[in-house]
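Note sheet for the following structure.
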Amino acid sequence: MIESIGGGCAFLDYNRDGKLDILLVRGTTLEGFARGGDPVVSLYENQGGGTFRDVSAKAGLEAARGWGMGVTVADYDNDGWPDFLVTGLGRNFLFHNEGNGAFRETARAAGLDRQGVWSTGAAFGDLDLDGKLDVYIAAYVHVDPRHLPARGSGANCLYKGTGVFCGPRGLAPEPHALFHNLGNGKFEDITRSSGIAASAPPFYGLQPVIADFDGDGLPDIFVANDSTPNYLFHNAGGLRFQEIGLPAGVAVNMDGREQASMGVDVGDYDNDGRLDLIVTEFSEDTNSLYRNRGDGTFEDASWQSRIGPPSWLFLKWGVKFFDFDNDGRLDVIVANGHVYPEADRFPGGSTYRQRLLLHHNLGNGVFAEIGSSIPAIAQPGTARGLAVGDYDGDGAVDVLINQQDAAPRLLHNEARGNHWLNVQLTGRVSNRDGVGAVVTVVTAAGRQTAVRLAGDSYLSSSDPRLHFGLGQEAAAKEVRILWPGGRPQLFSNVKADRVLQAAEP
């Protein structure tokens with residue numbers, strides 16, 4: 001199982017030259033891990049012209065060795081340079097951006113290394129609105145790589161009658177953790193004092209996301225859990241949380257079944273101004289689209305939206321809302337690939353290598369899955385982490401995918417014909433990245449709403465700029481920003497096909 005679920009990827013501008021660079025998380029083998037592991041991450045600098053070069057050694061990243069899982073990008077110390085957290089098996093790594101092209105690993109000094117724990121996804125957010133980014137780190141199962149259960153050795157080590165690796169059911173879950181940013185390069189573990197530990201039993205966590213789902217001004221925490229109910233921690237203020245996933249309608253699906261949730265993203269797919277959720281699931285189950293009702297609860301819209309049925313045979317991981325054709329409506333892309341190499345022999349029609357899913361938003365709350373008609377999307381693979389970003393600055397959002405036992409994939413978006421707008425946020429009173437800010441773009445065709453996240457999809461982080469498709473509109477009538485803490489900002493008559501630099505007033 002250790003070898004089957006990684007790893008993440010990210011877009012970031014690590015040297016602030018205006019071009020998106022790439023991070024790829026690296027795993028290892030059981031034998032390699034026993035010897036200390038391999039470098040946990042590789043950094044590729046954007047050279048322009050559609051090319052990248054590996055600068056991992058130059059950036060000082062190759063000395064950090066272990067078994068990497070996920071990556072989350074955030075400027076945790078508000079110095080203006082993007083840092084990143086790599087989660088892993090047995091410990092985490094926090095890379096501080098020194099501003100000179102190099103990074104310094106500081107996880108132990110910061111209190112985020114979590115020695116001995118299998119950490120998976122992480123998300124940053126300013127949970128108490130003090131201008132400093134806190135972090136939630138999900139954890140999976142407790143394993144000892146030196147003494148792994150034998151394949152096929154019990155009921156939780158079988159799949160359709162075939163012996164496979166064991167888990168996660170039958171294995172003890174690792175505790176998740178919430179850390180408060182103290183502002184001096186250190187974090188304090190507040191898992192117990194915040195109520196996180198007391199209000200929810202330990203589950204098999206994979207990916208959290210932090211956003212204000214009920215519009216009360218305080219960021220909440222959703223966590224996609226494997227084979228167990230999902231969490232939704234409501235922020236009650238004062239760094240206190242209560243788990244409300246079941247009454248909110250996101251813990252289980254519409255049939256009341258817990259699912260094997262992997263990845264998660266947040267977006268306003270129906271342009272009603274409320275933040276919805278999409279969660280990816282195991283094969284022979286459907287992805288879950290949760291529509292925000294606006295009263296603190298969600299409706300499982302997986303079937304009426306037609307997101308669910310096409311996903312049945314796929315084993316789903318990374319997922320992003322993004323407007324691939326810039327028509328003003330959020331589409332959905334999903335990374336797929338089975339965990340069991342034996343999958344091609346199982347009855348039921350699923351396969352080990354699987355293509356991506358691309359759900360085109362038709363604008364009436366319904367999606368059409370069109371991936372099989374696009375060669376780059378239809379190519380089968382073993383995808384895990386997925387991030388989106390406009391790496392070449394042409395206004396079309398591209399896709400980055402990290403795969404198991406295969407080369408990563410970078411998909412260049414060649415859709416043309418519509419206008420676009422990117423919004424780059426710089427916080428001054430709130431956190432420097434503007435994480436948690438909600439941006440609404442108004443055109444003659446309607447309005448779109450997006451939130452700045454730091455950690456989403458599956459073990460991944462996407463373009464820090466918020467992207468909006470404008471269709472045939474050459475300008476946005478208004479760009480409204482609600483900064484963390486409630487400070488509003490308004491831009492009027494913003495021309496299209498550009499990056500709007502928005503600094504908090």
Side-chain angles (χ1 to χ4, degrees), residues 123 125-127 129 208-224 230-236 242 244-251 253-254 264-279 287-308 319-323 327-332 359 361-367 423 425 434-443 445-454 456-457 462 466-469 476 478-490:
D126 185 1
L127 298 173
L129 305 178
V209 68
I210 296 177
D212 178 10
F213 294 108
D214 56 1
D216 65 357
L218 295 172
D220 310 301
I221 306 168
F222 175 89
V223 187
N230 300 318
Y231 298 141
L232 178 58
F233 294 104
H234 175 253
N235 191 336
Q242 180 65 37
I244 60 165
L246 193 59
V250 295
N253 70 4
M254 69 175 73
V264 58
D265 196 26
V266 178
D268 179 14
Y269 79 91
D270 53 358
N271 291 342
D272 64 356
R274 299 190 288 265
L275 299 176
D276 310 303
L277 282 162
I278 186 162
V279 185
N287 285 337
S288 299
L289 179 65
Y290 293 108
R291 188 182 69 84
N292 191 330
R293 290 190 175 108
D295 60 357
T297 68
F298 292 78
E299 172 192 7
D300 186 340
S302 310
W303 286 85
Q304 57 263 47
S305 68
R306 301 179 192 167
I307 283 280
V319 60
K320 285 298 295 179
F321 285 112
F322 79 133
D323 188 356
D327 66 354
R329 299 186 295 269
L330 285 179
D331 312 297
V332 175
H359 300 276
N361 192 332
L362 302 181
N364 54 359
V366 173
F367 294 79
V423 179
L425 299 167
V435 172
V438 176
V439 178
T440 300
V441 171
V442 180
T443 68
R447 66 175 181 175
Q448 305 170 55
T449 300
V451 59
R452 171 69 161 92
L453 303 174
D456 52 64
S457 182
S462 289
L466 296 179
H467 177 89
F468 299 88
E478 293 181 346
V479 176
R480 305 170 188 163
I481 303 174
L482 188 65
W483 293 90
R487 287 168 294 279
Q489 187 175 19
L490 176 66

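By convention here, the first residue in the shown sequence is residue 1.
- Shortest non-hydrogen contact noted between Ile210 and Pro219 is CG2-CB, 3.7 Å.
- Under the salt bridge (Lys or Arg N to Asp or Glu O under 4.0 Å) criterion, Arg293 pairs with no residue at all, not counting sequence neighbours.
- Residues that satisfy the side chain to side chain contact (heavy atoms under 4.5 Å, CB included) test with Leu362, not counting sequence neighbours, are His360, Asn364, Val366, Ala368.
- Side chain of Asp323 to main chain of Phe468: no donor-acceptor pair is present (N/O by atom type, distance under 3.5 Å, no hydrogens or angles).
- Residues meeting the side chain to side chain donor-acceptor pair (under 3.5 Å) test with Arg447, sequence neighbours left out: none.
- Applying the side chain to side chain contact (heavy atoms under 4.5 Å, CB included) test between Thr449 and each of Val438, Asn271, Leu482, Asp272 identifies Val438 as the sole match.
- Among all heavy-atom pairs drawn from Ala236 and Leu218, the shortest one is C-CD1, 4.2 Å.
- Qualifying ring pair (Phe, Tyr, Trp, His ring centres under 6.0 Å) partners for Phe233, counting only residues two or more places apart in sequence or in other chains: Tyr231.
- Atom CG of Leu289 and atom NE2 of His359 lie 9.5 Å apart (nearest 0.5 Å).
- The two atoms that bring His234 and Ile244 nearest to each other are CB-CD1, 3.7 Å, heavy atoms only.
- Looking at heavy atoms from C-beta onward, Val319 lies in side-chain contact with Val332 at the 4.5 angstrom threshold.
- The structure places CE of Met254 at 5.5 Å from CD of Gln304, a figure rounded to the nearest 0.5 Å.
- Separating the CG atom in Leu277 from the CG atom in Asn292 is a distance of 8.0 Å, to the nearest 0.5 Å.
- Val250 places none of its side-chain heavy atoms less than 4.5 Å from the side chain of Asn230.
- The nearest pair of heavy atoms linking Ser288 to Ser302 is CA-OG, 3.2 Å.
- Checking side-chain atoms of Asn287 against main-chain N and O of Ile307 turns up no donor-acceptor pair under 3.5 Å.
- Asp265 has its side chain out of reach of Phe322: every pair of non-hydrogen atoms, C-beta onward, lies at least 4.5 Å apart.
- Not a single side chain to side chain donor-acceptor pair (under 3.5 Å) links Asp331 to another residue, sequence neighbours left out.
- Considering only residues two or more places apart in sequence or on other chains, Gln489 meets the side chain to side chain donor-acceptor pair (under 3.5 Å) condition with Trp483.
- Among residues two or more places apart in sequence or in another chain, the ring pair (Phe, Tyr, Trp, His ring centres under 6.0 Å) test is passed with Tyr269 by Phe367.
- With sequence neighbours left out, Asp327 forms a salt bridge (Lys or Arg N to Asp or Glu O under 4.0 Å) with Arg329.
- Residue Ile481 comes nearest to Ala437 through the heavy atom pair CG2-CB, 4.5 Å, listed as atom of the first residue, atom of the second, then distance.
- Inter-residue side-chain proximity for Asp276 and Tyr290 is flagged as unmet; no heavy-atom pair is nearer than 4.5 Å.
- Qualifying side chain to side chain contact (heavy atoms under 4.5 Å, CB included) partners for Asp212, counting only residues two or more places apart in sequence or in other chains: Asp214, Asp216, Asp220.
- When the side chain to side chain contact (heavy atoms under 4.5 Å, CB included) test is applied to Thr443, the partners found at least two apart in sequence or on another chain are Val441, Ala445, Leu470, Glu473, Ala476.
- In terms of heavy atoms, Phe298 sits closest to Leu232 at CE1-CD2, 4.3 Å.
- Among residues two or more places apart in sequence or in another chain, the salt bridge (Lys or Arg N to Asp or Glu O under 4.0 Å) test is passed with Arg306 by none.
- By the side chain to side chain contact (heavy atoms under 4.5 Å, CB included) test, Arg480 is found to be paired with Thr440, Val442, Glu478, Leu490, residues two or more places apart in sequence or in another chain being considered.
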Pair Lys320-Asp456, side-chain contact (heavy atoms from CB on, under 4.5 Å): steps then yes or no | CA-CA 8 Å; Lys320 285 298 295 179; Asp456 52 64; 3.3 Å; yes
